[in-house]
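For clarity, every value in this text was computed on a predicted model and none was experimentally measured.
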There are 2 protein chains.
Amino acid sequence: MSLQSLPGAVAKKEPVAEMRSAKISESAVRRLSLYLRLLQEADSLGQETISSEELADRAGTTAAQVRKDLSLFGSFGKRGLGYAVSELLQEIREILGLNRSWRVALVGAGKIGSALITYRNFRTRGFHIEAVFDTDPDKVGKRWGTQTILDDTEMGSVLAGKRIEIAVIAVPADAAQGVVDRVVASGVSAILNFAPVRLRVPKGVSLRNVDMVVEMEGLAFALTSTER
Amino acid sequence: MSLQSLPGAVAKKEPVAEMRSAKISESAVRRLSLYLRLLQEADSLGQETISSEELADRAGTTAAQVRKDLSLFGSFGKRGLGYAVSELLQEIREILGLNRSWRVALVGAGKIGSALITYRNFRTRGFHIEAVFDTDPDKVGKRWGTQTILDDTEMGSVLAGKRIEIAVIAVPADAAQGVVDRVVASGVSAILNFAPVRLRVPKGVSLRNVDMVVEMEGLAFALTSTER
DNA sequence: TCGTGTGAACGAATTCACAGCG
DNA sequence: CGCTGTGAATTCGTTCACACGA
């Protein structure tokens with residue numbers, strides 16, 4: 001990609017995007033996403049350099065963990081100094097694939113969908129919702145943010161036509177698997193699922209679940225086992 | 001607790017709630033929550049018994065994993081047969097602390113809060129939202145579901161007065177830490193956070209984060225590293 | 001015989017500790 | 001001298017494999 005086009009960047013040790021795909025753990029990726037956010041904060045406050053320890057403190061992890069995570073992708077720091085905030089920022093954006101925008105569709109125009117579509121962080125991070133679907137005839141045709149709600153029956157063709165890459169599933173649990181199957185058939189290979197079900201996806205399709213009940217039950221367990 | 005007061009329960013091998021608190025991993029708890037949901041489905045379909053393998057298939061894990069998870073809390077199966085659905089169901093409810101209801105407060109009456117308060121699964125699982133707070137004078141006093149939105153300034157006294165156990169934080173990122181500090185000061189010791197920040201909580205307070213941007217960035221990473 | 005329960009083996013992720021570079 | 005980058009040590013979680021009981 002356009003890395004060597006930056007004349008000042010020649011000293012960089014690893015070309016990042018070309019790294020051998022040594023399987024990176026999901027938790028490492030989560031932390032990178034978190035580091036990115038913290039770096040953006042630091043950057044907007046004018047901070048120029050940051051140590052693994054400071055980043056770790058803010059992220060709630062250890063300095064060694066931060067360095068290990070980053071070392072999976074290259075050597076971005078300066079020994080004795082730390083990391084250049086804006087540079088590391090850019091590296092992580094590159095690693096996560098955030099230097100481009102992503103075409104997202106939202107399936108299910110209910111409350112959760114509504115929360116998502118108005119969520120500013122989404123758009124500013126490059127996730128563009130380019131289609132919204134629902135089955136409810138009362139909703140179809142209504143405007144939602146910048147989008148008009150489309151009928152569920154149009155989903156397949158629209159997803160394919162717009163070359164949607166990520167689908168957000170915000171439909172009732174019993175409808176979710178059906179939606180996923182159709183969405184995958186239309187070429188989508190990443191899914192964020194809000195329905196409280198375990199979805200099956202073919203190999204090669206990435207799936208993340210956001211399950212509020214599971215989280216609440218985890219809290220209930222923690223409270224239960226702490227008491228006494 | 002009132003365990004040995006149940007005369008019929010003597011044959012049970014492990015008293016569950018009295019187990020040594022051998023630290024249970026968060027992922028194990030997540031899976032238990034998932035098993036519970038699957039068992040409820042099976043139960044409502046009239047299925048009487050289930051093997052670790054069947055449960056594993058539905059949960060997307062392995063039979064050994066299911067057995068290990070359950071064995072952390074006792075021996076609930078019958079060799080050669082599997083598990084009695086309704087019995088295991090009840091055991092897991094007991095383990096997770098779901099045989100009682102939990103007093104929950106929602107802080108932030110925005111879109112996410114709105115999604116939560118209308119979310120049926122919440123109430124049916126025993127999580128009762130007993131107070132809703134917001135700072136916006138236009139919202140305060142309005143009815144939301146069964147609740148009237150209360151002013152943020154009342155939060156401390158109401159949380160303490162109602163003996164709220166779990167707080168759901170659905171406020172903007174820059175307000176979240178302040179809210180958490182006050183919530184904790186009012187005796188809440190479990191928090192579900194929807195704000196995109198890393199919150200600091202004192203030891204003894206449980207915290208779970210739901211961070212949609214992190215999940216989306218994880219998907220972006222997966223798509224980026226798969227392509228080519 | 002079948003499927004659980006579990007020690008033992010394995011593998012993954014985190015932490016340690018230090019060599020090496022700026 | 002300070003802080004990164006990284007092998008080595010360790011901890012944690014998962015999988016294996018089989019003895020045992022219904």
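Near DNA chain C, meaning a heavy atom under 4.0 Å from it, residues 32-57 of chain A has no residue at all.
Residues passing the salt bridge (charged side-chain N to carboxylate O under 4.0 Å, His left out) test with B:R182, sequence neighbours excluded: B:D152. With sequence neighbours excluded, the residues that form a side-chain contact (heavy atoms from CB on, under 4.5 Å) with B:S186 are B:L159. For A:R93, the salt bridge (charged side-chain N to carboxylate O under 4.0 Å, His left out) test picks out no residue, with sequence neighbours left out. Every salt bridge (charged side-chain N to carboxylate O under 4.0 Å, His left out) that A:R103 has, sequence neighbours left out, goes to A:E165. Listed by chain and number, the residues in a salt bridge (charged side-chain N to carboxylate O under 4.0 Å, His left out) with B:R30 are A:E215, B:E26 (sequence neighbours excluded). Under the rule for a side-chain hydrogen bond (donor to acceptor under 3.5 Å, both in side chains), the partners of B:S27 that lie at least two apart in sequence or sit in another chain are B:S25.
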What donor-acceptor contacts under 3.5 angstrom involve side-chain atoms of residues 110-121 of chain B, with partners at least two apart or in another chain?
unit_1, atom_1, unit_2, atom_2, d
B:T118, OG1, B:S114, O, 3.1
B:T118, OG1, B:A115, O, 3.2

Please tabulate, for the side chains in residues 193-203 of chain A, all donor-acceptor contacts under 3.5 angstrom to protein atoms that are two or more places apart in sequence or on a different chain.
unit_1, atom_1, unit_2, atom_2, d
A:N193, OD1, A:A195, N, 2.9
A:N193, ND2, A:A195, O, 3.0
A:N193, ND2, A:V197, O, 3.3
A:N193, ND2, A:N209, OD1, 2.8
A:R198, NE, B:A59, O, 3.4
A:R200, NH2, B:D57, O, 2.7

Close N/O contacts between protein and nucleotides 9-11 of chain C (under 3.5 Å):
none

In 5'-to-3' order, the base (B), backbone-only (S) or no-contact (-) status of each nucleotide in nucleotides 13-20 of chain C, using a 4.0 angstrom heavy-atom cut-off, is SSBBB-BB
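The nearest whole Å value for the distance from the CG atom in B:L72 to the P atom in C:dG7 is 12 Å.
Counting non-hydrogen atoms of other residues, nucleotides and ligands closer than 6.0 Å to CD of A:E54 gives a total above 12.
Note on residues 36-45 of chain A: pairs passing side chain to side chain donor-acceptor pair (under 3.5 Å), not counting sequence neighbours, are A:R37-B:D211, A:Q40-A:R125.
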